[in-house]
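See structure below.
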Amino acid sequence: MENLGTDTLKKHLAKRTKTIAIVVHTNPDGDAIGSALGLYHYLLLLGFKQVAVIAPNAYASFLQWMPGNDQVLIAENDMDLAQEQIMGADILFCLDFNGFARAENLAPALETSKALKIIIDHHPQPEAGFDVVFHDTKASSTAELVYLFIELMGDKTFINRNIAECLYAGIVTDTGSFSYGANHPRTYEIVARLMALGVDGSHIHRLIYSTYSPDRMRLLGFCLSERLVVKEALHTAFISLSIEDMKRFNYQEGDTEGVVNYALAIKNIRLAALFMERDDHVKVSLRSTGSLDVNRLARQYFQGGGHMNAAGGKTHQSLQQSIEDFVAMLQENKENL
Ligand code: 5GP
Ligand code: MN
């Protein structure tokens, strides 16, 4: 656990008139939105009146049930307002990302803002530029760290059901329902406390994982039956989707969430990838098991990053070329697979 400057932050938070902005990474996932809204509710309870929650772009409908969701500003819909709120903030919380570039369109505002900048995150290799660092790669999720942060501030008793639901959603999604990144007792101790505050785990699980549209379910079937390539000798499986494929299934934000994990669920597969064609690039998602470090692969080959077993990035090659390059890269790294 890296914990720098939280005493300074405590002093800043003592003045409830300050303006606060909470920002998450681009393509926000359950942990980004859950941790941001959990923190948002806490700051409101402390008495802050001006707290903005800003996401660089839109996110999946299965995350939109969280309390406070209607308060999230999607920056790409109103860039001027988002930049204004960041530049005008006294205190800026950066949640679930380790460098300003991960907020893409908001990065320049984050860099130039004169606010006190706080990072709460669990991704490896956090960058410089933050005044306060609350960071632990061992944490299951940023949501877990927000819980610990509130505890550190001496305000555990403030955690109510709204906060608990948001933080629980962050923990559940970032651990694939406790199937990875959740080998520490602390995560379960926190979850137990959230449950005691009234979180209905099965209800939330259903809201997140069992609200597929028929199109989304068919897209999953199509990925597995028509687009899955298994390279057994390389212990790798990957799926690629063209823009046309996605149009066919009326693709909506979040529809491919979790698809890459199916490729990793094949026996003896240690590396899985999902390639998704976008207008001007190909988005790449990587997953691995054990000590195979996809954060390193994403940084080296796809201008990206992430965690050891879950990372992402992009390439500006065509979809076909991206796949050919990926297979060539696998051959080069054969001995590590
Ligand atoms: P996903 O594959 O689900 O988009 O992302 C998996 C993990 O990799 C997440 O922890 C996410 O924050 C990280 N990640 C995804 N895309 C990028 C990227 O372009 N750059 C960096 N640094 N991390 C990414
Ligand atoms: Mn996370």
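In each ligand, atom 1 is the first atom listed, and ligand 1 is the first ligand listed. Numbering starts at 1 and runs along the sequence shown.
- Within the protein, the number of N/O/S atoms found under 2.8 Å from the Mn ion (ligand 2) is 4.
- When all heavy atoms of S288 and L264 are compared, the pair lying nearest together is O-CD2, 3.8 Å.
- For ligand 1, residues of the protein lying within 4.0 angstrom by heavy-atom distance are R102, H123, K283, S285, R287, G304, G305, G306, H307, A310, A311, G312, G313.
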Exercise for review: Please step through side chain to side chain donor-acceptor pair (under 3.5 Å) for the pair H205 and S177, ending with a clear verdict.
Suggested key: CA-CA 8 Å; H205 197 275; S177 305; 3.1 Å; yes

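- Proximity of F302 to K314: side-chain heavy atoms (C-beta onward) are nowhere separated by under 4.5 Å.
- Counting all heavy atoms, side chain and backbone alike, V24 lies closest to A36 at CG1-CB, 3.6 Å.
- The shortest side-chain heavy-atom distance between T6 and M153 falls under the 4.5 Å cut-off.
- Salt bridge annotation for R186-E151: absent, with no cationic side-chain nitrogen under 4.0 angstrom from a carboxylate oxygen.
- Using a 4.5 Å heavy-atom cutoff, the side chains of H41 and F158 are not in contact.
- Salt bridge status for D200 with R161: absent, with no side-chain N to carboxylate O gap under 4.0 Å.
- Considering OG of S140 and CD of E144, their distance stands at 3.5 Å, rounded to 0.5 Å.
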